[in-house]
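These notes concern the structure reproduced below.
All figures in this text were calculated on a predicted structure; none of them were measured in a lab. So you know, we letter chains A, B, ... as the sequences are listed, proteins then strands, and number each from 1.
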Protein chains: 2
Amino acid sequence: MPHTLRQKLADLVLLGTLKPGDRLDEHSLAERFGVSRTPIREAIRQLGASGLVEIRPRRSAVVRSFDRTELSEAFEAMGEIEALCAARAAVRFNEAERLRLRALIAASEDITARKDRAAALEMDFEFHGLLHDGARNWMLKTVAEETRLKITPYSAALFTMESYDADLGRPHCQHADIAEAVLAGDSDRAAALMREHIAQALISLQKFFDETAARPDAPKEKGRT
Amino acid sequence: MPHTLRQKLADLVLLGTLKPGDRLDEHSLAERFGVSRTPIREAIRQLGASGLVEIRPRRSAVVRSFDRTELSEAFEAMGEIEALCAARAAVRFNEAERLRLRALIAASEDITARKDRAAALEMDFEFHGLLHDGARNWMLKTVAEETRLKITPYSAALFTMESYDADLGRPHCQHADIAEAVLAGDSDRAAALMREHIAQALISLQKFFDETAARPDAPKEKGRT
DNA sequence: TAAAGCAAAATTGCATACAATTTCGATTTA
DNA sequence: TAAATCGAAATTGTATGCAATTTTGCTTTA
């Protein structure tokens, strides 16, 4: 897979090299990737349209940051969208996807036992991605992944933070429960469990930020006159 | 509000000057807006990230086109998202919004009677926009408007087509029914009516395309080796 | 000591130039 | 006549340069 410049730049944000509030300096980015500013600027604008970074005319683009309210609303919206995917997947999953889902949960069991956070993050992406595909609706999948993308700089933190070790088992159990409902074809239950899963993730994230001395809400740049 | 170049370019697509499948030639667009290719390219990339145009490496970008299946899936997804907004709005609307909604429906009554299609299109945007705001969730509003944006090149056609005159009254009645449910605080009913409203719009659109000799599904460019 | 002012440095926005690739049409060939 | 071929024109991708604006840090001042 030929990583485009846009993808490479996005990875800087998604993998946490650049954190919410950080500036995207065109010159240094161009130097880092060995290209001129022109393609860098185009990539930055694309990330801006995706909502990953904030474009500020005549000033450096910065990684998008959410305050408490925005973060809460983002998770609420994502909960509904993911619930929709889960409900559809429960009805539309095919045999290959059922097998894949079972294998995923089994692998997740192992990863959780080993407390491998990096693998757990990847597993989380795969689990939700499988449900997005299973919903059999291209637009719904697009919407779900765009939404997930926007808050990734925050949700990924859940898996890298030390204090989360104790809770690592809960997301796995929730995934397993959702999978069970999906495999049973119970769309209402799958949706309800998914909503609850996302709501729990928000609570964990908020707790994390409270403990680490208020990360969100801080980078809110003051307006200019 | 100073229309950015990106907005001006988007309007070309949204208002139908450029139709699905049309190429976006950088040189002629630069000439049209009196700027160089550089800012044009940046704007095109942004529209690409928004899903309005399709970026094809080394080849001209084209206005995104949907085949029958994609159009159907897009409307299904939008139906759910709009239903979500309507349900939330039914519970969270404030007094100012209630007044605005009533005024909107009244004005729509008039516009429908006069068969003013342009005004009807604008009214449609305002109606849905009001519900997006009323849901009191920034991310949900963003998702809803991004989704609407992607299919605007198609849905806007509903209001400009001649044969739609006969049906112009139905969207208005549906809006009125939805508004009634929202004002009554009946979120389940508002959601159900909204889903039905969007489903009807899809059917009208499909009928329109069938009559005008298959517009969608045609522009599907053949893949390159 | 802290705030205000100011000039130099850094940074963004845009135009232009050129290389790489694709597109298009004329010509040739079966 | 239709398909294939080849070359010129058109088009995209990227680098570079310069003007406009913002940022930064030093100096001045209350």
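- Projected onto DNA chain D by closest heavy-atom contact, B/His27 and A/Arg23 fall at different nucleotides, the more 5' of which corresponds to B/His27.
- Partners of B/Ala199 by side chain to side chain contact (heavy atoms under 4.5 Å, CB included), not counting sequence neighbours: none found.
- One can place CG of A/Leu5 at 19 Å from P of D/dT12, the figure rounded to the nearest angstrom.
- The ring-ring contact (aromatic ring centres under 6.0 Å, His included) search around B/Phe93 returns none, not counting sequence neighbours.
- Legend: residues meeting side chain to side chain contact (heavy atoms under 4.5 Å, CB included) with B/Ser36, ordered by chain and number and at least two apart, are B/Thr38, B/Pro39.
- Among residues two or more places apart in sequence or in another chain, the salt bridge (Lys or Arg N to Asp or Glu O under 4.0 Å) test is passed with B/Arg100 by B/Glu126.
- A donor and an acceptor atom never sit less than 3.5 Å apart when one is taken from the side chain of B/Ser60 and the other from the base of C/dT22.
- Not counting sequence neighbours, the partners of B/Arg41 by the salt bridge (Lys or Arg N to Asp or Glu O under 4.0 Å) test are A/Glu42, B/Glu26.
- Shown here is B/Gln7, whose CD atom has more than 12 heavy atoms of other residues, nucleotides or ligands within 6.0 Å.
- Across the protein-nucleic acid pair, B/Asp25 atom CG and C/dC24 atom C1' stand 14 Å apart, rounded to whole Å.
- For DNA chain C, the residues of residues 39-49 of chain A within the heavy-atom distance limit of 4.0 Å (strictly under) are A/Arg41, A/Arg45, sorted by number.
- Residue A/Leu24 contributes atom CG, which lies 19 Å from atom P of D/dT22 at whole-angstrom precision.
- Comparing A/Arg58 and A/Arg37 along DNA chain D, the residue whose closest nucleotide (by nearest heavy atom) sits nearer the 5' end is A/Arg37.
- To the nearest angstrom, C1' of D/dT23 lies 9 Å from CZ of A/Arg59.
- For B/Thr38 and C/dC14, the shortest distance from a side-chain N or O to OP1 or OP2 is not below 4.0 Å.
- In this structure, the CZ atom of A/Arg6 is 19 Å from the C1' atom of D/dT14, given to the nearest Å.
- The side chain of B/Glu26 lies closest to D/dG13 when the candidates are C/dT22, D/dG13, C/dA15.
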